[in-house]
2 protein chains.
Amino acid sequence: MKNRITLKELAKLLNVSVSTVSKALNDSPEISPKTIQRVKELAALHKYRPNPTAVNLKSSKSGTIGVIIPNISNAFFANVLSGIEAQAQKEGLQVITYISNESWEEEKKIVEMLATGFVDGVLIAIAEETQRKKEFGHIQNLIDYDIPVVLYDRIDFDMTVDKIGVDDRKIFFDATKYLQTLNLKKIGIATSIHHMGVGKLRITGYKEALASKEDFFIANSAKPDSLREKLLKLMLQDKVDALLCSDFESTMMAYRLAFENGLGIPKDLKIVGFINGKLARYLAPSVSYVDQKPERIGENAMILLKKRINNPNEKGRDTQIVETELVHLESTASA
Amino acid sequence: MKNRITLKELAKLLNVSVSTVSKALNDSPEISPKTIQRVKELAALHKYRPNPTAVNLKSSKSGTIGVIIPNISNAFFANVLSGIEAQAQKEGLQVITYISNESWEEEKKIVEMLATGFVDGVLIAIAEETQRKKEFGHIQNLIDYDIPVVLYDRIDFDMTVDKIGVDDRKIFFDATKYLQTLNLKKIGIATSIHHMGVGKLRITGYKEALASKEDFFIANSAKPDSLREKLLKLMLQDKVDALLCSDFESTMMAYRLAFENGLGIPKDLKIVGFINGKLARYLAPSVSYVDQKPERIGENAMILLKKRINNPNEKGRDTQIVETELVHLESTASA
DNA sequence: CTGAAAGCGCTTACAG
DNA sequence: CTGAAAGCGCTTACAG
């Protein structure tokens, strides 16, 4: 059953040339309708499909794009990928996924591979370690090779490249302001990503909203044990009224620690989290969360990349901001 | 910066033939050490990388495999993908992901595309709708085309093909037996995937463990509202002592409904769930869960596929079972 | 309207 | 040890 039929074999069976078969299948006006029909019928009979590799070689396009994901276990990135996939299918592009595991070295290896021109374009969310090391040479190199690149989600970097993400500063600014309207005095934040661009911006937004009107209450650590300690201090000593949580880890840890220490949510402590909506609604109590619209980010990232692939010589670079939404559930309900 | 250098251009610069350059770069013994060195130096200088598309065309291999995922928001599949990726990288293969969204039609479209020989092999977890319709023609067709295929996770189908998954019947059999050792009388199950192969097997395991010693308590529905109602009946009317939950939806809904109705976990109700370990530990109380070892499934699926790609003519087909683990957390703690 | 030829960028048997 | 030629499966300018 193996061995797909080729143009050459079709041509032989039809007693015409390879060129004629090729043109007929592509509905060339050069070919007579009668021949087109004959060719197409036999092609259908044999289930002919052009060899994509050969087509790619001719067109010097690969028909694929590379997507670098720092951590696929993170539901946010899984959903972004879902949006990318859906849009790529519409564009007729294949998506090759790479997982950097937040590692600079793995990311570098992937990017260098992609720099060989393996794909028509690249979508990348920059790894945590890369941000920490501030070593962006490999990314810059990719851009310099004129391979279309779009940064998604993690976009707070000084590179001339298309970007799409959310306004992290504004999200926390607005969320803090919202909590203030509930007459909460002590508003704190919890984060395990304070060393990343998006994490920093969220802290900035929080600070700007509070201005110097109140004290800052910040629990920040990438290490679970240390984050736990700092959170406990905020909850039990400082007795904050509300916690803005910047990521999955800090949201779930706040939720869990409230339970362990008998703090009622929202009675004793209000929580706003960064987790996906499906989970947020199942928690008990349900947790108000920031909907980052991951599918939309993915979809628009793909559209942006496709645009750049089609217009490689355009000079300007876009930065797109996707609107987010603060979804109010039980964890911020007023008495 | 664009336009990667080709063999032909290197050859011109070196005043040798294309063949010589090609052979030199591949360390052919036909070529003198001196020439090899000259060629490699210039290639390095120009950062020459062979065009993968051309190499693939020659070798009639694509160096890529296709992975079909029913639903990437499901943490289980995200983690399987992670395992696949890691192993693929070791094997030097690219992974093209496709998301079927549990849809028969989308799956069929993807599979037909892959049947053109676009990839060297395919890993697939069969979509829910496909299972419901019992329409496996497209999958069988892929197999008939001699494209190496490995079914992962959802493997309870009568096809001559390599498979890798867990023993779903045994998992629920053992879990039920375990709950019996806690002296629980009324053990129920909750599932929203009872129409799928893995779901059916889990129910079978539960029934076999109980034998006819007790009544069966089963809440099964793919519709949230209906599942909620059935679960409430089990919890409030039948007053089951424990619930085995078969998937994310039913686990989280049981957790949430216990909270809404003032049932203490584990005091009034014990729960065993199918969710990922990270989440399970953060819940309040933490929920005992079945660790399906998704990374290992992905990794071994990739190994199995690679083996089949390398030995296309071997006749036998493997079914690999990955060992799972019931992790005991607070939700099944005894008083 | 049809076909021979060149070419995409490689590899490899074969000749010298 | 080096190179000319054929070929992987296509597409497309060009000739007839």
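In what follows, chains are A, B, ... by sequence order, proteins preceding strands, each numbered from 1. Just so it is clear, the structure is predicted and the values come from calculations on it, not from any experiment.
The existence of a salt bridge linking Asp27(A) and Lys40(A) is confirmed by a sub-4.0 Å separation between a basic side-chain nitrogen and an acidic carboxylate oxygen. We find that Arg154(A) and Glu102(A) are joined by a salt bridge, their nearest charged nitrogen and carboxylate oxygen being less than 4.0 Å apart.
Look at CG on Asn56(A): it is 15 Å from P on dG9(D), rounded to the nearest Å. For the pair Lys34(A) NZ and dT2(C) P, the computed distance is 9 Å after rounding to whole Å. Protein atom CZ of Arg38(B) is 14 Å distant from nucleotide atom P of dC1(D), rounded to whole Å. Here the P atom of nucleotide dT2(C) and the CG atom of Leu25(A) are 13 Å apart, to the nearest Å. Rounded to an integer number of Å, the gap from Ile31(A) CD1 to dG3(C) P is 8 Å. For Gln37(B) and dC1(D), the CD to C1' distance is 16 Å, given to the nearest whole Å. Rounded to whole Å, the distance from CG on Asn15(B) to C1' on dG3(D) is 13 Å.
Between Leu57(A) and Thr35(B), it is Thr35(B) whose nearest contact on DNA chain D lies nearer the 5' terminus. Projected onto DNA chain C by closest heavy-atom contact, Ser17(A) and Lys8(B) fall at different nucleotides, the more 5' of which corresponds to Ser17(A).
Residue Ser59(B) is classed as having no contact, given no heavy-atom separation below 4.0 Å to the nucleic acid. At the heavy-atom level, Pro52(A) lies nowhere under 4.0 Å from the strands shown.
For the side-chain hydrogen bond (donor to acceptor under 3.5 Å, both in side chains) test, no residue two or more places apart in sequence or in another chain qualifies with Asn310(B). Ser19(B) is linked by a side-chain hydrogen bond (donor to acceptor under 3.5 Å, both in side chains) to nothing, counting only residues two or more places apart in sequence or in another chain. For Ser17(B), the side-chain hydrogen bond (donor to acceptor under 3.5 Å, both in side chains) partners two or more places apart in sequence, or in a different chain, are Thr20(B).
For dT2(D), the OP1/OP2 oxygens have a side-chain nitrogen or oxygen of Ser32(B) closer than 4.0 Å. In this model, the phosphate group of dC8(C) is not approached by any side-chain N or O of Thr53(B) to a distance below 4.0 Å at OP1 or OP2.
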Exercise for the section: Going 5' to 3' through nucleotides 11-16 of chain D, assign each nucleotide B (protein heavy atom under 4.0 Å from a base atom), S (under 4.0 Å only from sugar-phosphate atoms) or - (no protein heavy atom that close). Expected result: BBBB--
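Under the salt bridge (Lys or Arg N to Asp or Glu O under 4.0 Å) criterion, the residue pairs touching residues 111-128 of chain A are Lys108(A)-Glu112(A), Glu128(A)-Arg132(A), with sequence neighbours excluded.
Between Phe157(A) and Phe136(A), the ring planes are tilted. Angles from 30° to 60° get that label.
In this structure, a donor-acceptor pair under 3.5 Å is present between the side chains of Asn79(B) and Ser73(A).
Taking a pair as Watson-Crick or G-U wobble with both distances under 3.5 Å, DNA chain C forms stems of 3 or more consecutive pairs at C:1-3 with D:14-16, C:5-12 with D:5-12, C:14-16 with D:1-3.
Going from the P atom of dG7(C) to that of dA4(D) covers 16 Å, rounded to whole Å.
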Practice task
Please report the C-alpha distance between Val161(A) and Val150(A) in whole Å, then the side-chain angles of each, then the deciding distance to 0.1 Å, and finally whether the side chain to side chain contact (heavy atoms under 4.5 Å, CB included) criterion is met.
Solution key: CA-CA 7 Å; Val161(A) 62; Val150(A) 172; over 6 Å; no
